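Here is the structure we will look at.
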Amino acid sequence: MLGGYANMNRVTLISPYFGEKFPSNFKVLLDSMKNNKNIKFIIPTNINCEDLMIPNIVFVKTDLEHVKKSIEDILGYEVTLNTPYKLVDFKPMYGVLFKEYIKNSEWWGYFDMDIIFGNISHFLTDSVLNEYDRIFSHGHLTLFKNTEYMNMLWNKDFKLSEVPCFKVVATSNAIFAFDEWGWGKNKGRGLSYALDKKININQYNNQDIIADIKKDYFKFYLSNKNQIEYFIYLKGNLEGILTDSTHKEFLYAHFQKRSLIDSNSDVGQAVYIKPNVISNKLIITDEVQEELRWSKDIKRRKRNQKFKNLNIDYLKRRVMFLNSEK
């Protein structure tokens, strides 16, 4: 098991990250974590972070192979974890995998690195934390009450033909999106779907307080069809500016599959986030060129995804769930 860290925070959030460097939004994300002082953040990573000494953020020096070994020690069988992306399927077991880091927290959760936080406690108030057992159902941020029952939900037999058992998920090279809803009808479902169908737990899922940005549009369209012209981030607060100039505060913004360019922004002053640039200046002079860059990037991502799906594990996953939902 990975080593521990004692803390007295009510909420601890975890996000392993492995690679050559953190994503381009990381400077702003890091500042947004730092300014949520009553939240503890745990970042297991292979990247050297010795110069980052922040009281509420713990960087755990490790690597993907060490995490894989720790998972296998818990499960008692060999798992498939060849790329960091496969970690999405193991997220629900973080309450067990990283138990030493959350043992003094009432809540724990996982989050993705392609987000920027606002003021978390402004939205996840004591009344919310006191009333619910699980918060949010999508993988970019999900929280669990730190109890043995909640921490073991991932290993439960839900007796649903469309929901794979965890051993199938853990031993396949394919991605199941098991940390959330899965891939949809006859493609396999995930933990959020299973809980919605089978388990009566108190879940808080107010999507209006998060900016989940659609990945297939250059402009910032949200899942609820609203459009954000740009975001303003300043010292732990995040606002979206809608097309009618209305300001709306968000818990976080999720920039899924976007290569944001940080033009050497200073987080000590207002940071503007427009498609797809992070800057201290609101006006971006070459927006047409930026949209062209985005278009090329999204096409590249889609080609890569199609190529990754052309293997036996993905074929097995698809065949496994054919006609699982009538």
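Keep in mind that this is a model prediction, so the values were computed, not measured.
Residues Arg134 and Ser192 have side chains that bring a donor and an acceptor to within less than 3.5 angstrom of each other. Counting only N and O atoms by type, the side chains of Asn173 and Thr80 include no donor and acceptor under 3.5 Å apart. With 3.5 Å as the limit, one finds no donor-acceptor pair spanning the side chains of Ser70 and Asp73. When only modelled atom types and interatomic distance are considered, Asn151 and Asn146 share a side-chain donor-acceptor pair under 3.5 Å. Under 3.5 Å, the side chains of Ser259 and Arg301 contain a donor-acceptor pair of N or O atoms. In summary, the side chains of Tyr217 and Gln227 do not present any donor paired with an acceptor at a separation below 3.5 Å, with no hydrogens or angles considered.
Panel note: side chain Asn56, backbone Asn38; no donor-acceptor pair is recorded below 3.5 Å. No side-chain donor-acceptor contact under 3.5 Å links Asp297 to the backbone of Arg293. Judged purely by atom type and a 3.5 angstrom limit, Ser263 uses its side chain to pair as donor or acceptor with the backbone of Ile278. Remark: the backbone N or O of Met150 is paired with a side-chain donor or acceptor of Thr147 at under 3.5 angstrom. Checked by atom type and distance alone, the side chain of Asp212 never pairs as donor or acceptor with a backbone atom of Gln207 at under 3.5 Å. Asn205 places a side-chain N or O within donor-acceptor distance of the main-chain N or O of Ser137, the cut-off being under 3.5 Å.
Summarising the geometry of Leu29 relative to Ser32, their closest heavy-atom pair is O-OG, 2.6 Å, with the distance given to 0.1 Å. Closest approach of Tyr193 to Glu162, counting heavy atoms only: OH-OE2, 2.5 Å. Here the closest non-hydrogen pair linking Pro16 and Leu87 is CB-CD1, 4.1 Å. Taking each heavy atom of Ala253 and Leu238 in turn, the nearest pair found is N-CD2, 3.5 Å. Looking at every heavy atom in both residues, Asp244 comes nearest to Thr246 through OD1-OG1, 2.7 Å. Across Ile43 and Met113, no two heavy atoms sit closer than the pair CG2-CE, 3.7 Å.
Remark: Asp216 CG is packed, more than 12 non-hydrogen atoms of other residues, nucleotides or ligands lying under 6.0 Å away. Sparse packing is recorded around CZ of Phe307, with 12 or fewer heavy atoms of other residues, nucleotides or ligands lying under 6.0 Å away. Within a 6.0 Å radius of NZ in Lys145, more than 12 heavy atoms belonging to other residues, nucleotides or ligands are found. Residue Gln269 places its CD atom among more than 12 non-hydrogen atoms of other residues, nucleotides or ligands, all under 6.0 Å distant. Residue Lys34 places its NZ atom among 12 or fewer non-hydrogen atoms of other residues, nucleotides or ligands, all under 6.0 Å distant. Counted within 6.0 Å of CG on Asn224, heavy atoms from surrounding residues, nucleotides or ligands total more than 12; the atom is thus considered enclosed. Within 6.0 Å of NZ on Lys248 lie more than 12 heavy atoms contributed by other residues, nucleotides or ligands.
A salt bridge between Asp114 and Lys257 is absent, with no side-chain N of the basic residue lying under 4.0 Å from a carboxylate O of the acidic one.
The aromatic rings of His138 and His140 lie parallel to each other, with less than 30° between the two planes, well short of the 60° mark. Using bins of under 30°, 30° to 60° and over 60° for the plane-to-plane angle, the ring pair Phe117/Tyr252 lands in the perpendicular bin.
Under the side chain to side chain contact (heavy atoms under 4.5 Å, CB included) rule, Gln203 has a single partner from Asp133, Leu195, Thr142, which is Leu195.
The hydrophobic clustering, which links ILVMFWY residues whose side-chain heavy atoms are closer than 4.5 Å, places Ile210 and Phe123 together. Cluster annotation: Ile261 is not connected to Ile228 through the hydrophobic network of ILVMFWY side chains, with a link wherever side-chain heavy atoms come within less than 4.5 Å. Follow the hydrophobic side-chain contacts under 4.5 Å out from Tyr110 and you reach Val79 in the same cluster. Grouping the Ile, Leu, Val, Met, Phe, Trp and Tyr side chains by contacts below 4.5 angstrom, directly or via other members, places Ile120 apart from Val271. There is no path of hydrophobic side-chain contacts, each under 4.5 Å, that joins Tyr230 to Ile116.
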Throw together a table of side-chain donor-acceptor distances under 3.5 angstrom for residues 314-321, partners on residues two or more places apart or in other chains.
from, atom 1, to, atom 2, distance (Å)
Tyr314, OH, Ile175, N, 3.4
Arg317, NH1, Ile175, O, 2.5

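Not counting sequence neighbours, the partners of Tyr204 by the ring pair (Phe, Tyr, Trp, His ring centres under 6.0 Å) test are Tyr132.
Relative to the ring axis of Tyr101, Lys99 does not place its NZ or CZ within 45° and under 6.0 Å from the centre. A cation-pi arrangement, defined by a distance under 6.0 Å to the six-membered ring centre and an angle within 45 degrees of its axis, is absent between Lys281 and Tyr272.
Checked against a 6.0 Å centroid threshold, the rings of Phe255 and Phe231 count as neighbours.
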Practice prompt. Decide yes or no on ring-ring contact (aromatic ring centres under 6.0 Å, His included) for Phe178 and Phe90, but give the supporting numbers first.
Written response: CA-CA 8 Å; Phe178 191 74; Phe90 294 96; 9.6 Å; no

Worksheet item: Does the pair Phe22 and Tyr17 meet the rule for a ring-ring contact (aromatic ring centres under 6.0 Å, His included), with working shown?
Response: CA-CA 8 Å; Phe22 289 111; Tyr17 189 87; 5.4 Å; yes

